[in-house]
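Structure record follows, encoded as structure tokens.
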Number of protein chains: 2
Amino acid sequence: MNAPDILEDAERHCSKTGVRLTPLRRRVLELVARANAPVKAYDLLSQIDRANASAKPPTVYRALDFLIDAGLVHRVEALNAFVACPQAGHGHAAVLYICEACTKVTEVQGARPGQEHKPRSFTVKRSVIEHYGRCANCQ
Amino acid sequence: MNAPDILEDAERHCSKTGVRLTPLRRRVLELVARANAPVKAYDLLSQIDRANASAKPPTVYRALDFLIDAGLVHRVEALNAFVACPQAGHGHAAVLYICEACTKVTEVQGARPGQEHKPRSFTVKRSVIEHYGRCANCQ
DNA sequence: TTCCGGATGTGATAACATAACAAAATGCAA
DNA sequence: TTGCATTTTGTTATGTTATCACATCCGGAA
């Protein structure tokens, strides 16, 4: 999914849910979406910084936290990086396939996946499911 | 699984596979195993430090890297922490259930789990599967 | 207008991790 | 057993990731 579509989807999602997509947050989302790969927080920071010299780490981490809560961005835990969610609001049961050759991330919406052998009575609140390997183009 | 059993299992595994469990590595494994919860690298460092004032970050990170490669320890990606693997050598397809109330981690050995909707021709090298929630005792 | 709450600015620092090179220990062949 | 290669550990420094605490700004309700 490309950046303009993601942004449009995000706008729609936010106005529907009453979530405030401020200019700063929108800018961060745009940078994440345009990247087409997992982006580091400090890379975002330096990009913001070109327009807004006052940007500091909390600026970008706060925006990212907001976008993650809103289901617009995922955190890639094993990379300490962030990707835009192609489907606003479906962000909480995502499975990520991350190609280590081309860095492309494919997101799959799974219905509570990966719990085949869940211990009895364990209640899952949040799942981190990241598969690393090679995509079809990079075999 | 308790710490002595994990260590014993690790010893057996290492002598069988020719892997060198040096005193330092054994000490780190012991500390991770005794914790019964995910441990931070710098916490390990300060514990080592009491016996060995020369311990520095690379000391513990190197030992952890070794133990992870040997399948004796898992890294919990979303916590930046480490847990002992209860079954030496089966370390590479683990699914972790992490209770956010009591911090207890239950490990399940799954046969390449969580890939229900894998994109065509994606080759998975490594998977990170971490479920956060509440265990049976902490509902 | 005044107050309030959410958002952002700002400086400092905490927490996590690795690079690069030195020294010591270990295993092994001659 | 000596010498050499390899692995492991020590050491200094620094890079990277993330948060805290407090100040300021800004829009809307009273």
Side-chain angles (χ1 to χ4, degrees), chain A residues 10-11 14-15 17-32 35 37-70 72-83 103 128 130, chain B residues 10-11 14-15 17-32 35 37-70 72-83 103 128 130:
Chain A
E11 300 278 11
C14 289
S15 58
T17 58
V19 152
R20 290 186 53 179
L21 193 62
T22 63
L24 177 62
R25 290 165 177 172
R26 195 182 191 291
R27 174 99 177 98
V28 171
L29 176 58
E30 192 178 348
L31 291 171
V32 177
V39 211
K40 301 286 199 164
Y42 275 71
D43 290 346
L44 293 171
L45 181 56
S46 65
Q47 290 181 265
I48 296 171
D49 217 347
R50 290 206 262 284
N52 173 3
S54 73
K56 301 281 180 304
T59 308
V60 64
Y61 280 106
R62 282 192 290 228
L64 287 169
D65 285 349
F66 172 88
L67 294 168
I68 289 166
D69 284 351
L72 302 174
V73 162
H74 298 293
R75 183 181 160 83
V76 187
E77 295 289 351
L79 299 180
N80 294 333
F82 303 86
V83 290
T103 74
V128 174
E130 300 171 2
Chain B
E11 300 278 11
C14 289
S15 57
T17 58
V19 152
R20 291 185 53 180
L21 193 62
T22 63
L24 176 62
R25 291 165 176 171
R26 193 181 191 292
R27 173 99 177 100
V28 170
L29 176 59
E30 192 178 348
L31 291 171
V32 177
V39 210
K40 302 287 198 162
Y42 276 69
D43 289 346
L44 293 171
L45 182 55
S46 65
Q47 291 182 265
I48 296 171
D49 217 348
R50 291 206 262 284
N52 172 3
S54 72
K56 302 280 181 303
T59 307
V60 65
Y61 281 106
R62 283 193 290 229
L64 287 169
D65 285 349
F66 172 89
L67 294 168
I68 289 167
D69 284 350
L72 302 173
V73 162
H74 298 293
R75 182 181 160 86
V76 187
E77 296 289 351
L79 297 180
N80 295 334
F82 304 86
V83 291
T103 75
V128 174
E130 300 171 2

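So you know, we letter chains A, B, ... as the sequences are listed, proteins then strands, and number each from 1.
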Any side-chain heavy-atom pair of B/L67 and B/V32 under 4.5 Å: no
Beyond-backbone contact of A/V83 with A/R75, side-chain heavy atoms, under 4.5 angstrom: no
B/N80 vs C/dA17: side-chain N/O to OP1/OP2 distance below 4.0 Å: yes
Distance in Å, A/L64 CG paired with A/H74 NE2, rounded so as to fall on 0.5 Å steps: 13.0 Å
For atom CG of A/D43 and atom P of D/dG15, their distance in whole Å: 16 Å
For atom CG of A/D65 and atom C1' of D/dA18, their distance in whole Å: 10 Å
Short side-chain N/O contact to D/dT8 OP1/OP2 from B/R26, under 4.0 Å: no
Table please: side-chain donor-acceptor pairs of residues 54-62 of chain A below 3.5 Å, with sequence neighbours left out.
unit_1 : atom_1 : unit_2 : atom_2 : d
A/S54  : OG     : A/N52  : OD1    : 2.5
A/K56  : NZ     : A/S54  : O      : 3.4
A/T59  : OG1    : A/K56  : N      : 3.1
A/T59  : OG1    : A/K56  : O      : 3.1

Rounded distance in Å - CG (A/L79) to P (C/dA17): 13 Å
B/Y61 vs C/dA17: side-chain N/O to OP1/OP2 distance below 4.0 Å: yes
Separation of D/dT19 C1' from A/L64 CG (nearest whole Å): 14 Å
Of A/R26, A/R25, A/R20, the residue whose pairing with A/E11 passes salt bridge (charged side-chain N to carboxylate O under 4.0 Å, His left out): A/R26
Donor-acceptor under 3.5 Å (A/Q47 side chain, A/L31 main chain): no
Heavy-atom protein contacts under 4.0 Å, nucleotides 4-15 of chain C, coded B base, S sugar-phosphate only, - none: ---SBBBB----
